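The structure appears right after this line, and notes come after that.
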Amino acid sequence: MDQFRIEGGHRLEGRVTIGGAKNAALPAMAAALLTDKRIELHNIPRVRDILTMRSLLDELGVDSSLKHEREGNCLVIQARTPPDPVAAYELVKQMRASVLVLGPLLARLGHARVSLPGGCAIGARPINLHLKGLEKLGATVNIQHGYVEARVDRLRGDLIQFDTITVTGTENLMMAATLAEGTTVLENAAVEPEVQDLAALLIAMGAKIDGLGSPTIRIQGVTRLAGAKHTIIPDRIEAGTFMVAAAITGGHLVLDRTEPRHLTAVIAKLAEVGVQIARVKSRGQGPGFEALEVRGTPPFRAADMVTQEYPGFPTDMQAQYMALATQGSGSSVITETIFENRYLHALELARMGADITVDGRRAVVRGPTPLSGANVQASDLRASASLVLAGLAADGESVVDRVYHIDRGYERIEEKLNRVGAKISRVSQG
Ligand code: EPU
């Protein structure tokens, strides 16, 4: 198990290239199961969850090849022969997003057997809405021996109203509905950019989808889907994390290959606490990608923040915002509305000197408090990012254990940070 040793107190300065969005790449990879044709995905981030999804595709008997490109990777997937319908516990337990293969397998094969994901550090995270939706489309769904067993002759379009907005639930049902007979309407659907990116890929494959970006999505089923080429959107959470890195070190970063429109709530909140952010001319980038210039000029103000579904402030940036809030003058009240248990980083930040009280879904951060280096443990992906950010600003050395969590969703974050002035070493613990 690797750990990071971070020498705090170095101001960051320079340019950072943001990778493709992990949470857009994962459903895009699952979508390749819907067709026997070639799916070519560009701007695939080099993160561990992508490797896990590739292993899952491999287990399903699906060929994929990865080619290194100047920006990101290119992944080619072709499920030429019908995939195996079983996604085993060993891979699903490593990554909950494995459940994204359920809808495509069922739609293509009429049968899928996918392990139920187990518990999770950030909340219960059931998949009941995925299953209820598939039943509404005519599938018989049973849970046996820890597996979801779903069967259907052919899915039939219907109206699905989500009780709660769910990102992967919307994605799973949207993929399933592309091959259903008739029209499916998803109401109270997620409008996250990652959902829209998946829809763009499906449309390129020949799916008939209307209402993109709105909570009502209409999908008219087709009998088969074609191959496609698609470029994954920039990772808005990686970009947000580097924005906080610039701010918390009093630094100055230019972030290349971002999509500022996806970051409106994050940019507005960081501006409220006093971080200076501007769109600047991009350097040799593809269409649709822009650059953002971020300057951290402390002192910062305290500001309350509530996590919400898109276009609200993302729960995946809550932990990183909390690290920055420790440097704001006054009390910042943070309310986490998406996951019920996403504050494990608060106790670790307190070990570094932060003054944080957690009460249910609310956390009160009182600042500014000087941070001092300490040994801390990462509990999940975004929590580990917040500990790294705090370590960058802390006095002395911090040791962040269990950084495998951060490798799931950030591409060699220590190398990217070191290139702009951080001092982080990765130490392998045998
Ligand atoms: N929910 C249910 N039943 C369901 C599905 C969801 O009750 O069947 C609840 C969840 O328990 C949660 C809420 O609905 O309280 C929202 O969960 P959602 O289903 O939207 O989350 P997800 O699809 O499992 C994705 C991202 C997460 C991100 C959330 C929220 C992927 C692969 N994962 O998860 O990303 O936090 O949406 O935006 O897209 C991360 O990258 O670190 C990460 C955790």
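Because the structure is a prediction, the values reported are computed rather than measured. Note that ligands are numbered from 1 as they come in the structure, with each ligand's atoms numbered from 1 the same way.
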Heavy atom of the protein closest to [atom] (residue, atom name, distance):
atom: atom 21 (O) of ligand 1; result: Phe339 CZ, 3.9 Å
atom: atom 44 (C) of ligand 1; result: Arg342 NH2, 3.6 Å
atom: atom 5 (C) of ligand 1; result: Pro126 O, 3.2 Å
atom: atom 25 (C) of ligand 1; result: Val167 CB, 3.9 Å

Heavy-atom distances under 4.0 Å decide this one: backbone, side chain, both or neither, for [X] against ligand 1?
X: Arg125; value: both
X: Lys22; value: side chain
X: Thr168; value: both
X: Leu381; value: side chain
X: Thr166; value: both
X: Ile338; value: both

For [X] and [Y], work out which heavy atoms get closest and say how close.
X: Leu392; Y: Ile6; result: N-CG2, 4.0 Å
X: Ala87; Y: Val101; result: CB-CG2, 4.0 Å
X: Arg236; Y: Tyr310; result: NH1-CD1, 3.7 Å
X: Ala323; Y: Thr326; result: O-OG1, 2.6 Å
X: Pro215; Y: Val191; result: N-CG1, 3.7 Å

Between Tyr404 (side chain) and Asp2 (backbone), is there a donor-acceptor pair under 3.5 Å?
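Not a single qualifying donor-acceptor pair exists.
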
So is Ile165 touching ligand 1 or not, going by heavy atoms under 4.0 Å?
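Yes, Ile165 has heavy atoms under 4.0 Å from ligand 1.
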
Going by atom types only, do Arg366 and Thr357 share a side-chain donor-acceptor pair under 3.5 Å?
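There is such a pair (donor and acceptor under 3.5 Å, judged by atom type) between the side chains of Arg366 and Thr357.
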
Only heavy atoms of Thr315, strictly under 4.0 Å: list the atoms of ligand 1 that pass.
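Checking each atom against Thr315, I get 30 (C), 36 (O), 38 (O).
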
Inspect the contact between Glu181 and Arg156 and indicate whether a charged nitrogen and a carboxylate oxygen are less than 4.0 angstrom apart.
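Not counted as a salt bridge, because no side-chain N and carboxylate O are separated by less than 4.0 Å.
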
